[in-house]
Amino acid sequence: MRYLCSLYYKNKHIMKSLAEQVKVSAAKAFQSLFPEANVQENDILVNETKPEFKGDYTIVLFPFVKSLRQNPVALGNALGAWLVDNNELFTAHETVSGFLNLSVSDAYWSTFLSDYTLDTDTKDTSLSDKKVMVEYSSPNTNKPLHLGHLRNNFLGNAVAGIVAAAGAEVTKTCVVNDRGVHICKSMIAWQLFANGATPQSEGIKGDHFVGDYYVQFNDEYKRQIKELVAGGMEEKQAEQEAPIMKATQQMLVDWEAGKPEVMSLWNTMNSWVYEGFDTTYKAIGSTFDKIYYESNTYLLGKDLVEEGLAKGVFYQKEDGSVWIDLTTDGLDEKLVRRKDGTSVYITQDIGLAVEKQKEYGIEESIYVVGDEQNYHFKVLKLICQKLGLPAADGIYHLSYGMVELPTGKMKSREGTVVDADDLVAEMVRLAQEQTEAAGKTEGFSTEELAALYEMIGLGALKFYLLRVEPKKKMIFNPEESIDLHGFTATFIQYAHARICSVLRKTGYQATTVALDTHDIFPEEKALLVQLEQYPAILQQAAAELNPAALCNYSFKLAQAFNSFYDKCSIANAESAAKKQLRSEIASLTAKTLKHGLGLLGIGVPEKM
RNA sequence: GGAUCGGUAGCUCAGCUGGAUAGAGCAUCAGCCUUCUAAGCUGAGGGUCAUUGGUUCGAAUCCAAUCCGAUUCACCA
């Protein structure tokens, strides 16, 4: 075996990606052949060679043609010859128009398979031990979670996993909106209509139970407005005068005053909701290291208003309200304290940002929140920066687009909101239905089948919601989401199960013996090329906070495996050496798929 | 009106730090199960990359304008 390790970082275990190695080598070639041009690594563009050409990696020559006054073919030939002569990584070169196609030595892959480790090579040194907080989910305690929350939860959990895998120290948090007018609405409706009913007495999940009263509030509110308008009142006035609304506002005042009956009802109803949420979170795999409640945090940031005034960052209007002028930053004037001295939403967010920083010493704070709050977070960060808060620069709003249905937006008024619990249950049911229809239930116990259906159903749902880039809005097509073919988690899970099945049958054992990678098959190499790119993809996903990149990669890897599987038999390989090589490749593929989907919160079965 | 984001195949989406003939999946059509799991593989058809102009050796990608869609600009949260 030829020695290739000089190409790796000597002092770190982390291996340099093949594409990076090509860049480094090419830069050396340039330095040697054209020292006066001073070409740096980052000036060189390296792509995977298109399948219709011979080679593995391609250097684009056009950028250098002019400055070096060389014609592209001559330049390519010179560089290619130098690389093949001076670097054992390359075995052949060919220049086609302005592209230098380089063939990588078969022996490289043997080194790769023996040196590569999934856990350490995926680490990104720029993130190592960085303290990162991911805030996500953040529900209101007046209604159950819906499809939009699922995208948020899956995103938050996946991003936390990806960033942690890349080396960061991650704290997952959730800010529960457990107070305010909307909470009082459910409470009032319960007082009026429930006759003491509880989730237990009605046999309804707690969050749904409370959500039903929130709906009832709105029905009654509308009815009362109609009645008042019929009696000759203006609509605007009716909205304010409706008795149920007045009662709600009074309740909010009582809550803030800490009136015992109100606090007691509030505690009871919230506990019902939390019980329901716990079930949902458990089902979808959302976990949190720290939960903040707005009832505890809503007064935070008040002292910062005084500080801001003293610093001259804020100013006071004649009526006593406090503002910040952001017009020079292209934004508007923003209120930070009402004239009655109470604080507004953004004020507590400023306070909470400081609180998080104090408590956890975080350097990056990622907020997974829908894109309708883009403006809010822009303002939040700007204010924190102007106040000179240590938490300011680390604020990052991971903004994601709304989930829409093929019929348009989800509207609670029209009853088109897709409930999270219902959807999860439906996906699992469909997984069962399709597994049974395919006749793939043999050899499983009842418990194993239940676990499998959950893995498939939930996996399909998570993948479907994660495969689209976060910032883009997405269409949730129920028919498409239950499809278990093509660009889905099921496809990837299936590839994993196939690998496990083959390796079980062949009695695969990991080997430390050097693998023979001479005369490597195209399907074998294609798979190795994909596998080699995993650390780079993971680091990219972490840098972009983009789980979709991992979805795309995992699918491509599974696709490459399926082609390999079709063409290259493991059990009946041409030779013992081929069998061992293919087993190693297949094993690493399974590990990589499991690792990648695991970060997305998706499990992979060993048989299905 | 200002700001921000999006517009790529019939549908859902990749590709966007400029690079070879723009890619997947679904759907449609045609093949492949006496051999490791056919939830799979192989192939075909399908495109004015919203429009127009600019930058350059080269633009889906960068810039400008326009059109369409969404969000936002509360003493709400």
Side-chain angles (χ1 to χ4, degrees), chain A residues 42 45 47 49-50 52-53 58 60-63 65-66 72 96-99 101 140 177 179-182 294 298 317 319-323 327 329-346 348-349 370-376 378-379 399 401-402 404 406 409 431 434-435 437-438 440 456 460 464 467-469 471-477 479-481 483-488 490-495 497-506 548-549 551-552 555-556 558-559 561-573 579 582 586 607-608:
Chain A
N42 291 336
L45 180 65
N47 292 327
T49 302
K50 301 254 171 197
E52 55 269 37
F53 300 100
T58 296
V60 183
L61 301 167
F62 294 108
V65 166
K66 205 183 250 176
V96 181
S97 59
F99 302 90
N101 300 325
N140 293 344
N177 189 277
R179 63 162 290 278
V181 192
H182 52 298
E294 284 200 11
Y298 82 109
K317 286 193 177 172
D319 64 4
S321 58
V322 180
W323 299 73
T327 49
D329 297 284
L331 305 175
D332 306 277
E333 293 185 344
K334 181 81 187 173
L335 178 90
V336 294
R337 191 171 74 191
R338 296 188 186 99
K339 66 181 172 200
D340 63 8
T342 58
S343 59
V344 290
Y345 181 60
I346 198 149
Q348 64 158 310
D349 263 357
D371 63 5
E372 74 271 11
Q373 295 204 39
N374 284 353
Y375 180 79
H376 172 77
K378 209 184 243 183
V379 170
S399 167
M402 294 291 103
E404 297 179 8
K409 289 183 189 170
Q434 296 196 36
T435 304
K440 299 198 171 211
I456 296 172
Y464 189 84
R467 67 187 205 179
V468 179
E469 202 185 333
K471 77 173 175 188
K472 290 194 177 175
K473 74 167 191 205
M474 65 172 298
I475 313 269
F476 182 86
N477 184 331
E479 278 175 40
E480 204 179 273
S481 68
D483 194 352
L484 306 183
H485 304 268
F487 187 30
T488 63
T490 315
F491 180 95
I492 301 164
Q493 289 168 329
Y494 183 63
R498 274 175 136 183
I499 296 170
C500 292
S501 171
V502 176
L503 297 185
R504 265 197 308 271
K505 285 194 178 158
T506 58
C551 291
N552 282 311
F555 176 66
K556 265 172 77 180
Q559 241 181 349
F561 172 78
N562 281 332
S563 296
F564 161 90
Y565 178 87
D566 191 63
K567 198 85 177 196
C568 307
S569 177
I570 295 169
N572 303 310
K579 183 170 177 177
R582 287 177 187 166
K607 54 180 182 171
M608 66 187 280

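Letters A, B, ... mirror the listed sequences (proteins, then strands); counts begin at 1. Source: prediction; values computed, not measured.
Using Watson-Crick or G-U wobble geometry with both donor-acceptor distances under 3.5 Å, B:rG1 finds its partner in B:rC73. Base pairing of B:rC26 is made with B:rG10, judged by Watson-Crick or G-U wobble geometry with both donor-acceptor distances under 3.5 Å. Here B:rC62 sits opposite B:rG54 as a Watson-Crick or G-U wobble pair (both hydrogen-bonding atom distances under 3.5 Å). The partner of B:rG18 cannot be assigned: no Watson-Crick or G-U wobble pair with both contacts below 3.5 Å exists in any strand. Pair assignment for B:rA39: none, as no Watson-Crick or G-U wobble contacts are both less than 3.5 Å.
Residue contacts for A:Thr342: at a heavy-atom cut-off of 4.0 Å it reaches no nucleic acid atom on any strand shown. Contact annotation for A:Asn177: backbone-only contact, meaning every heavy-atom pair under 4.0 Å involves sugar-phosphate atoms and none involves a base. Backbone-only engagement by A:Tyr375 is indicated by non-hydrogen atom pairs under 4.0 Å involving sugar-phosphate atoms exclusively. The residue A:Lys471 sits close only to the backbone: its heavy atoms come under 4.0 Å of sugar-phosphate atoms, none of a base. Nucleic acid contact class of A:Glu294 (heavy atoms, under 4.0 Å, all strands): sugar-phosphate only. Heavy atoms of A:Pro63 sit under 4.0 angstrom from at least one base atom. Heavy atoms of A:Asp329 sit nowhere under 4.0 angstrom from any nucleic acid atom.
Relative to the side chain of A:Val60, the nucleotides B:rC13, B:rU21, B:rG19 differ in distance, and B:rG19 lies closest. In this structure, the nucleotide among B:rC75, B:rA20, B:rG19 sitting nearest to the side chain of A:Phe62 is B:rG19. Across B:rG19, B:rC75, B:rC13, the shortest atom-to-atom separation from the side chain of A:Leu335 is found for B:rC75. If you check B:rG19, B:rC75, B:rU4 against the side chain of A:Asp319, the one that comes closest is B:rC75. Checking B:rU12, B:rG7, B:rU72 against every side-chain atom of A:Lys472, the shortest atom distance belongs to B:rG7. Distance from the side chain of A:Phe555 is smallest for B:rG25 among the nucleotides B:rG25, B:rC75, B:rA77.
Under a 3.5 Å cut-off, the side chain of A:Tyr565 and the backbone N or O of A:Ala586 do not form any donor-acceptor pair. The backbone N or O of A:Ala548 lies less than 3.5 Å from a partner atom in the side chain of A:Asn552, making a donor-acceptor pair. A donor-acceptor pair is defined here as one N or O able to donate and one able to accept, closer than 3.5 Å; such a pair exists between the side chain of A:Thr506 and the backbone of A:Val502. Looking only at distances, no side-chain donor or acceptor of A:Ser501 sits under 3.5 Å from a matching main-chain atom of A:Ala497. Without hydrogens or angle criteria, A:Asp329 side chain to A:Leu331 main chain gives no donor-acceptor distance under 3.5 Å. Of the possible donor and acceptor atoms, none in the side chain of A:Arg582 sits under 3.5 Å from a partner among the backbone N and O of A:Ala573.
With a 6.0 Å radius and a threshold of 12 heavy atoms from other residues, nucleotides or ligands, A:Glu52 has its CD atom above the threshold.
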Per-nucleotide protein contact along nucleotides 28-41 of chain B, 5' to 3', at a 4.0 Å heavy-atom cut-off (B base, S sugar-phosphate only, - neither), is -------SBBSBSS
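Applying the 90° cutoff around 0 to the glycosidic angle, B:rC67 is assigned anti.
B:rA22 and B:rU66 are spaced 31 Å apart, taking the P atom of each and rounding to whole Å. Nucleotides B:rU17 and B:rU61 place their C1' atoms 10 Å apart, quoted to the nearest Å. Taking atom P on both nucleotides, B:rA38 is separated from B:rU21 by 38 Å, rounded to a whole Å. For B:rG19 and B:rU72, the P atoms lie 35 Å apart once the distance is rounded to whole Å. Taking atom C1' on both nucleotides, B:rA74 is separated from B:rC13 by 37 Å, rounded to a whole Å. The C1' atoms of B:rA70 and B:rC33 are separated by 48 Å, rounded to the nearest whole Å. Rounded to whole Å, the C1' atom of B:rC68 lies 26 Å from the corresponding atom of B:rG23. Here, B:rA30 and B:rU48 have their P atoms 26 Å apart, quoted to the whole Å.
Residue A:Phe487 contributes atom CZ, which lies 11 Å from atom P of B:rG25 at whole-angstrom precision. At whole-Å resolution of the value, NZ in A:Lys334 and C1' in B:rA77 are 10 Å apart. The CG atom of A:Asn477 sits 18 Å away from the P atom of B:rG25 (whole-angstrom rounding). What separates CD1 of A:Ile475 from P of B:rA14 is a distance of 12 Å, to the nearest Å. Between the CG atom of A:Asn552 and the P atom of B:rG15 there is a distance of 7 Å, rounded to whole Å. Distance, A:Lys378 NZ to B:rC5 C1': 10 Å, rounded to whole Å. Look at NZ on A:Lys556: it is 13 Å from P on B:rG23, rounded to the nearest Å. Atom CE in A:Met474 sits about 19 Å away from atom P in B:rA70, given to the nearest Å.
In this structure, A:Ile346 and A:Phe99 both approach RNA chain B, and ranking their closest nucleotides by distance from the 5' end singles out A:Phe99.
Taking 4.0 angstrom as the limit, A:Arg467 places none of its side-chain polar atoms (N or O) nearer than this to OP1 or OP2 of B:rA24. OP1 or OP2 of B:rA20 sits under 4.0 Å from a side-chain N or O of A:Lys50.
Side-chain contact check for A:His376 versus A:Tyr345: some heavy-atom pair is nearer than 4.5 Å. Using a 4.5 Å heavy-atom cutoff, the side chains of A:His182 and A:Asn177 are in contact.
With ring centers used as reference points, A:Phe561 lies under 6.0 Å from A:Phe564.
Side chain to side chain, A:Asp332 and A:Tyr375 meet the donor-acceptor criterion of an N or O pair below 3.5 Å.
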